[in-house]
Engineer: 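Pasting a structure here, questions to come.
Counting begins at 1 with the first residue of the sequence. Only a predicted model underlies this, so the values are computations on that prediction, with no experimental measurement involved.
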Amino acid sequence: MRRFGVRILLAIFLTLWNFSTVFSQPKWATQPPPASRQYLYGVGIAHGTKEAIRDQQRADDAARADIIRQVRVTVSSRLTTITTETSRQGIVYDTRQVVESAVSFTLEGAEIRERFYDKKNKTSYALARLNRQDAARRLGEKIRVAAIRADALIGQSDRHRAGGAVYRALVALLQAAEERASVEMEENVYRVLDSGSVDALLEEETGSTSPFAPGMAFIDGRIGGLLNGLVFTDVKGDRQSVRQGRVSEPVLARLTLGIKKNATPAGGFPVRFRISQGYGMVEPQGISGPDGGIALAIRRLTPGGASYSEVTAEIDTSTVRAQIPAGQAVRWLWRLGQIHSRFTFLPGEYGFEDGMAELAGRLVVAMPEKATVTVGRFTYADTRGAGPFTGPLRQHLGAGLAQTGRVRLVESSSYAVRTGPDDMEMLIRTAQTDGVVWGEYRET
């Protein structure tokens, strides 16, 4: 009988110990108030150290962080669809980083509603509450200010375009996009805080209209509409012969919005010219004039062994990037880079310098990219001695090789003339280069 009584007492003690363990923490620590349209709640727990005040502060911070976690999870779910749709355009969100940056603004209104200290287990608890409507209003004001600035830039763009300064109109639109994108994450957080429920938020369509006009979709549409109409028109000078490095007719490209009779000239655009077939020297860049026109200055142009030379006129995207260094311009650079025009030129009569440039172009065709080369001696006929053209040959051929951009010239003090394969290998080793260009010339 005594043993039975001891067992009953032991069972009662264990039961009471379990109850004391369960109730050593507040009910809201395991069952916090549910989120509502008005409030979000977060629970923080900090295990005890010798610094009680520090422990409670850690619990407070953890409670606020719990609210951040809830908002981040919701925004991340919302952005999953958006990221999938926009990744084809090169837009990828670092969700965790940008959301925490945006949410930190909302936590200014988070308050600690409850605290509890478990003396037995030396554990601190905290319950934080965020008035989601107040936080949404604070975020909304920040977004509204950015939207007003973006709208003012769109107005500037319209005035520039009406005055024929199309490039300045584009820059203003890119600046508007950057201004609006600076609060894009804040707007996603705003939607989370302002929505009646998470489920209702996630059911929204990706392209839902922003409550803060102008939205990014509107600005992107304006930029895309401008770029879609931007085109180079070949005016004159295409397919003419190059004679001694020059062309007889001016070469002019015109940049316009549209190609019909009522097309608008696109003035002020930075344009660069590059030799896309052959080698030579052209004026590398310029600015489209009020009529959209820009002239190409050719100093020397050879086909490099091909049947024609080609020069491409294109928008200088590096200049655009320098003027609008932030991220929104980068999204459109690939579109700008697709706007180009090509001019074809036929080979004609060569002068001495042109002939050397053409010879250099033919030589590098068989050489690997970025090879090193040195220019050796040129001798007259069978004399194996230098003639009056040795110096000019070396000088202009070296300059022609350098202009191709495919090889790197290396100066060498070894210019002895060799004739056999073994001698050539020795000369290459002596010059410490990938190849040596040398030869002889005769009268014709």
Engineer: Donor-acceptor check, side chain of Thr256 to backbone of Ala266, threshold 3.5 angstrom: yes or no?
Structural biologist: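 Not confirmed, Thr256 side chain does not pair with Ala266 backbone.
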Engineer: Is the distance between the ring centroids of Phe343 and Phe273 under 6.0 Å?
Structural biologist: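 Ring centres of Phe343 and Phe273 not closer than 6.0 Å.
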Engineer: State plainly whether the residues Glu249 and Lys236 are in salt-bridge range, i.e. N to O under 4.0 Å.
Structural biologist: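 So Glu249 does not pair with Lys236 through a salt bridge.
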Engineer: Any side-chain heavy atom of Arg58 within less than 4.5 Å of one from Thr49?
Structural biologist: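 Yes, side chains in contact.
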Engineer: Check whether more than 12 heavy atoms from other residues, nucleotides or ligands sit under 6.0 Å from atom CZ of Arg168, and answer yes or no.
Structural biologist: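 Incorrect, the count does not exceed 12.
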Engineer: Quick one: does Ile53's side chain get under 4.5 Å of Gln56's, heavy atoms only?
Structural biologist: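 Sidechains of Gln56 and Ile53: no contact.
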Engineer: Should the pair Phe116 and Tyr125 be assigned to parallel (<30°), tilted (30 to 60°) or perpendicular (>60°) ring geometry?
Structural biologist: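 Tilted.
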Engineer: Do the side chains of Arg129 and Glu114 get nearer than 4.5 Å, heavy atoms only?
Structural biologist: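 Side chain of Glu114 against side chain of Arg129, heavy atoms only: no contact under 4.5 Å found.
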Engineer: Does Lys122 reach the side chain of His47, with side-chain heavy atoms less than 4.5 Å apart?
Structural biologist: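 No, side chains not in contact.
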Engineer: Nearest 0.5 angstrom please: Leu296 CG to Ser341 OG, how far?
Structural biologist: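 Those atoms lie 10.5 Å apart.
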Engineer: Over all heavy atoms of both residues, which pair between Leu301 and Val311 is shortest? Give the atoms and the distance, please.
Structural biologist: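 Closest approach of Leu301 to Val311, heavy atoms only: CD2-CG2, 4.0 Å.
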Engineer: Would Arg115 and Asp60 count as a salt bridge (charged side-chain N to carboxylate O under 4.0 Å, His left out) if you check the C-alpha gap in whole Å, the side-chain angles of each, and the deciding distance to 0.1 Å?
Structural biologist: CA-CA 8 Å; Arg115 290 190 178 96; Asp60 293 351; 2.8 Å; yes
Engineer: For Glu184 and Asn188, does a side-chain donor sit closer than 3.5 Å to a side-chain acceptor?
Structural biologist: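 Side-chain D/A pair, Glu184 to Asn188: absent.
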Engineer: Measure the spacing between CD of Gln156 and CD of Gln175 and express it to the nearest 0.5 Å.
Structural biologist: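 If we round to the nearest 0.5 Å, Gln156:CD and Gln175:CD are 7.5 Å apart.
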